[in-house]
Structure formats: C-alpha cells, structure tokens
Amino acid sequence: AGEGKDDTKPTLSPYEEAMEALSSLITKRSRADKSNKGDRYELLFDYIKMLELDEPIKKMKIIHVAGTKGKGSTCAFTESILRNCGFHTGLFTSPHLIDVRERFRLDGMDICEEKFLAYFWWCFDRCKERTTDEVPMPTYFRFLALLAFKIFAAEQVDVAILEVGLGGKYDATNVVENPVVCGIASLGYDHMEILGNTLGQIAGEKAGIFKRGIPAFTVPQPDEAMLVLEKKASELDVHLELAAPLDASVLSGLHLGLEGEHQYINAGLAIALCCTWLQRTGHVEINYLKEMTHLPEQFVKGLATAALQGREQFVKGLATAALQGQSESTGDLVFYLDGAHSPESMDVCAKWFSLAIKGDYKQHKSYASNHGHNELGTSHDSVEISHHEASKKSSTQFLLFNCMSVRDPELLLPRLMKACASHGVHFQKALFVPNVSVYYKVGASASTATDTQVDLSWQLTLQRIWESLVRGEKGKDVKNTDHVHEEVPDDSEKGVQSCENSKVFPSLPVAINWIRDTVRKNRSGRSQVLVTGSLHLVGDVLRLAKK
C-alpha cells in the first residue's frame, strides 16, 4: 500500500508539526532589519480582525509591563499575587527556555499541549486562509502575541498580564488600547540597534505603552530616562507614579520567591500594579494600604511563591547520564543560571552569584513545601545544604558564556569580571560555547548537530576579549592576544580552542563533559559554574538537565 512513498522523513508528532509550522514564521534576519513587509505595524490590526479578536481584547482586564530588565520578574510576581487572590490568571512572557508553551501560563502553569495545539491551529489555519501578498503571514513573535490573546479570550481569564517582547511602542503586545494599568521596570542599555543609543530614546520607546488616562507605575530610573517617561506621561494625561521598592519587613519573615536584592524593586512595582488593578476593577474586598506597612496574606504568599525559570536559578550536579553514559555523583558541582544579557544585569548577576557561592543568602521558608526555582528537582534548600556540607572544601569557579552577536561583549564581559572581582570571585576558566538551539527553529528539531564544523568565530572573539581582560587584570601585556592558543594533544578535546584562561568548545555537551571530568578529577573541591550572557544558553543547559 505504501509503494512509491518516501519513508525517509521521520513521522512528526502533532506537536512537532505545530513547531514546524511555527518555525516557518521566523524570519532569518536581524531584528533590526526593516526590509520585511511583516514589519508594518498596522498589519497587526488586520490580523486581529482576521482572528476576530477586536472585541475580546477590548474586554480583557490587562496589566501591561515594559522595561529593559526586571519586566519578566515583575510579571511573575504580579501573576502570582493575583492568582493567590483567587483570580483566573493569564501570563504571556518571552522568551521560552525549553518549550514554547512556557510563554502562555494559565493559573501559574504552562498551557497544556492539547489546548495549545487546538488554539495554535485555529489561529494558524485562519491566518493561512486569509493572508495575501499585501497582508502576509504574521512574523513569529506577532503570531505568538496573537495566539496569547486568543488563548486568554477563549479561557476567559480574569486578568491578562502581558510582558512586552521588545521596546514598547511597536511591540505586538501594544495593540492593547485600554489596559487597566501599565508598568515600566528598570531601564538600561539593550537592543540599541532597534531602540536607540541613549537612555532617553530607549525610554521613549518603552513609554509607547502608555495610553491616554490610564495610570502607570515605574521604579527609580536614571534622570535621563525618568524625564522622558514623565514628559510622555504628561502628554497623554497619564498619572505616572513611582513604586517604592518593597520593604522586606512586611513579608512576615518569608523571602521573595525570586533571588537577588534587585527583586525588591520588581516586587514593589508588582504590588503597585496589583493594587491599582484591584481598585480599578472594583475588587475592594482585598484590603491593602498605600503605605505598604502591611501586606495582605495573599500578597505575601504570591511574592514568596513566585517562580521564573532561568533567572538566578540553581541546578545541582547536572547529572546528564545521556551525555555521560554513566551516572556517577557530582554533588560538588552546582550550576548557577542567570539569563543576564545587558551591562546593568551583568552587575546584578555577578553580585547574586558571588553571594550565593559563599552561602551568604538565607534559606527560604516558603508556603510551598516543594518550592524551588526550577522544575528539575533542585530547590534552594538542597544547594544551601551542599554549601554547609562543603563549607570546608576549596571551591573553583567557572564561567560558561555566550551572547548574541547583536550584544556588545566589550561592555558585558568587563562588567561581569569587575563585579565578580569586587566580591573576591575570580574564574579559573571561562568557557565559550555556541547555543545549541538555532534561532530559526522551534521545538526538538531546533538543536544543531554537535560536530566540530560549527562556526566558532563569534566564540573566538569572546575568548580574545576575555584573555585580554584577564591579562589586564593581572597587569600583563594586553597588546598581543593573537598567540595565546595552545595546541591540545588530547583527542577527546578535538575542536576545542584552549588559551591560558579560557576554552572555546564546539558544543555545549562537550563543554559540560569537560566540566564534569574536571570535577571528577578534583574530588576534594567543589565547582561552581555561572551560566550567563544569553537566555537561550540558559535554556539549552536546562534542556540538557531535563534529559
């Protein structure tokens, strides 16, 4: 019966088919490139009509959040608070780390595969039927934003919390014309190729989410940014308020669900957004005070149990038997994951890592007994115990790093090194790897082959910058860094480019294996690996851990 049929192509699961279709919407070009018809912002309104989403979006009670850093954390806190207040929540965030369904959360959980597929094909097929040469298929992120609106409308959420993807004014989430309240998290330098080269220009783009007469909150900002936000707010009759950072004393002895001192800023913004949302939607049964000297129990619980993958997260051991073919103990190997990718977030990441490896943070006591930063069986507590057990052991720090080529490593790496050094932390080796996932594919097929033919020119650039920085820090001659490569005789390190203070690996699994081998040889000590520079890299490490 199957005569003449080509059976060489593997049969795709329904979910993989959806990922193939979604991948077809990714434009293989820089986000800063303006040459595509799909970039015309007004097309979004055509898509909304196509998908009959105009009325549902108008009826949604939306909280809209922009910012350079902290917007994801602010959204996570906001969703957790309102869910603990008893509301049916929808949360749209980006990017995803392992599975695209992470971007769509209903009541704190990723949307299930069955619902995702039903809504995905409803939107995709309708767009396919109705798009033309003049109105082409929506691009990747725009489609995901439209899908979020469809999911939240169909699931009849009480509140939709939307994290801006990029910028604000021309972001796909900004089709919302009547949110309940808007928030602007901390502003800094990122995506300058699209948003502008000054804080003022960047602030102007983010303030694009302000809507006439709709209240907005922000956090303490640099003067240049704050002036622009205030000007835009006054032009639109927006009452812009400054949300004060949360005072830890109101948490009844608990800790925030997200690590790091900067999270008190994000938590303060989330509280202001939630209070205003409750007020403006007529929910006066939940008592709260403007002065924030007391927080309702639901707020405290929401703040203490908020979780966000890939930000200040621990994975102990990374016992990837799939990589090793064996499952020996690696109890003294801890990976510290943070998707920091802007100069300012490098400072924050370095401080968090430096304090965490010294065990200077306090053990969490949260409502949820199984609460941890990740779903991989690693809680804060297990890391805390490992620090206690190993307190007398010597420790070695490694850096596992990659960043997108639109970022400026000449800004990122010095900030990271300097901030770590200020806390007495110096990396024995920096390891540079390409991302496993490729940018034009979504799903299981998004992994590149782990061969040695991959282009490592960007990673070698990162390595040269790092070697120059280390030599500068040690007071060595930094002028000539071209001769620092060593030939590595060991065949197991084929394709590895080694320097005095760093290595470039052809793939992430090869780098992880090298780390594990190094740890095994050094049984007396503990090894702490900071993974940062890219949320995609963090996602790749988590994907390996999940295997």
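Positions are given from 1, in the same order as the sequence printed here. No hydrogens, no waters, no symmetry mates; every other heavy atom, side chains included, goes into these values.
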**Qualifying residues under side chain to side chain donor-acceptor pair (under 3.5 Å), relative to Lys418, sequence neighbours excluded** = none
**Message:** Given 3.5 Å as the limit, does a donor-acceptor pair link the side chain of Thr532 with the main chain of Asp338, or not?
**Reply:** yes
**Fill in**
Applied to residues 85-100, the salt bridge (charged side-chain N to carboxylate O under 4.0 Å, His left out) test, sequence neighbours excluded, yields Asp99-Arg101
**Message:** Treating Asp158 as the side-chain partner and His88 as the backbone partner, does any N or O pair qualify as donor plus acceptor under 3.5 Å?
**Reply:** yes
**Request:** Answer with yes or no whether the side chains of Ser395 and Gln397 bring together a donor and an acceptor at under 3.5 Å.
**Result:** yes
**Asked** What are the two closest heavy atoms between Leu530 and Leu416, and how far apart are they?
**Response** CD2-CD1, 4.1 Å
**All side chain to side chain donor-acceptor pair (under 3.5 Å) counterparts of Ser502, not counting sequence neighbours** = Gln463, Glu467
**Asked** Considering residues at least two apart in sequence or located in another chain, which fulfil the ring pair (Phe, Tyr, Trp, His ring centres under 6.0 Å) criterion with Phe401?
**Response** none
**Request:** Kindly compute the distance separating CZ (Phe87) from CD1 (Ile161), expressed to the nearest 0.5 Å.
**Result:** 11.0 Å
**Item:** Exam field: side chain Asn501 to backbone Lys429, donor-acceptor pair closer than 3.5 Å
**Value:** no
**Item:** Test item: Thr68 side-chain N/O and Gly188 main-chain N/O as donor-acceptor pair under 3.5 Å
**Value:** yes
**Request:** Output the distance between atom CG (Leu303) and atom NE2 (His255), rounded to the nearest 0.5 Å.
**Result:** 13.5 Å
**Asked** By side chain to side chain contact (heavy atoms under 4.5 Å, CB included), which residues pair with Glu177, not counting sequence neighbours?
**Response** Phe45
**Request:** State, to 0.1 Å, how close Ala203 and Ala225 come at their nearest heavy-atom pair, and which atoms those are.
**Result:** CB-O, 3.7 Å
**Complete:** Note: Leu535 and Gly310 closest approach over all heavy atoms is CD2-O, 3.9 Å
**Request:** Over 60° means perpendicular and under 30° means parallel, so classify the ring planes of Phe92 and Phe141, tilted if in between.
**Result:** tilted
**Asked** Judged by atom type as modelled, is there a donor-acceptor pair below 3.5 Å linking the side chain of Ser345 to the main-chain atoms of His341?
**Response** yes
**Complete:** Nearest heavy-atom approach of Pro409 to Ile465 is CG-CD1, 3.7 Å
**Asked** Residues two or more places apart in sequence or in another chain: which of them pass side chain to side chain donor-acceptor pair (under 3.5 Å) with Lys351?
**Response** Glu261
**Message:** Filter on salt bridge (charged side-chain N to carboxylate O under 4.0 Å, His left out), then keep only pairs touching residues 218-239, sequence neighbours left out; what's left?
**Reply:** Lys231-Glu235
**Asked** When you check the side-chain N and O atoms of His262 and Glu344, is any donor under 3.5 Å from an acceptor?
**Response** no
**Prompt:** What about Phe335 and Phe314, are their ring centers closer than 6.0 Å?
**Reply:** no
**Message:** Please list all pairs meeting ring pair (Phe, Tyr, Trp, His ring centres under 6.0 Å) that have one or both residues in residues 162-188, counting only residues at least two apart or in different chains.
**Reply:** Tyr41-Tyr170
**Asked** What heavy-atom pair brings Phe427 and Leu399 nearest, and what distance separates the two atoms?
**Response** CD2-N, 3.5 Å
**Asked** Which heavy-atom pair separates Ile98 from Gly539 by the least distance, and what is that distance?
**Response** CG1-O, 4.0 Å
**Message:** For the residue pair Lys211 / Asn174, report whether a side-chain donor-acceptor contact shorter than 3.5 Å exists.
**Reply:** yes
**Item:** Donor-acceptor contact below 3.5 Å, side chain Trp277 vs main chain Val159
**Value:** no
**Prompt:** Is atom NZ of Lys61 surrounded by more than 12 heavy atoms (other residues, nucleotides or ligands) closer than 6.0 Å?
**Reply:** no
**Item:** CG on Leu162 to SG on Cys75, rounded to 0.5 Å
**Value:** 8.0 Å
**Request:** Report yes if the distance between the aromatic ring centroids of Phe353 and His423 is under 6.0 Å, otherwise no.
**Result:** no
Show me, pair by pair, the donor-acceptor contacts under 3.5 angstrom made by side chains of residues 264-272, not counting sequence neighbours?
from, atom 1, to, atom 2, distance (Å)
Asn266, ND2, Gln263, OE1, 2.9

**Item:** Distance (rounded to the nearest 0.5 Å) between Thr173 OG1 and Ile209 CD1
**Value:** 7.5 Å
**Message:** Do the side chains of Glu259 and Arg311 get close enough for a salt bridge, i.e. N-O under 4.0 angstrom?
**Reply:** no
**Check: Val180 main-chain N/O paired with Arg280 side-chain donor or acceptor under 3.5 Å** = yes
**Message:** For Phe152, give me all partners under ring pair (Phe, Tyr, Trp, His ring centres under 6.0 Å), at least two apart in sequence or on another chain.
**Reply:** none
**Request:** List in chain and number order the residues that pass side chain to side chain donor-acceptor pair (under 3.5 Å) with Glu102, two or more places apart in sequence or in another chain; answer none if no residue qualifies.
**Result:** none
**Fill in**
Rounded to the nearest 0.5 angstrom, the CG-NZ distance for Asp347 and Lys69 is 9.0 Å
**Request:** Only counting residues at least two apart or in another chain, list the ones meeting ring pair (Phe, Tyr, Trp, His ring centres under 6.0 Å) with Tyr119.
**Result:** none
**Value rounded to 0.5 Å, distance of CD in Gln298 from CG in Leu82** = 10.5 Å
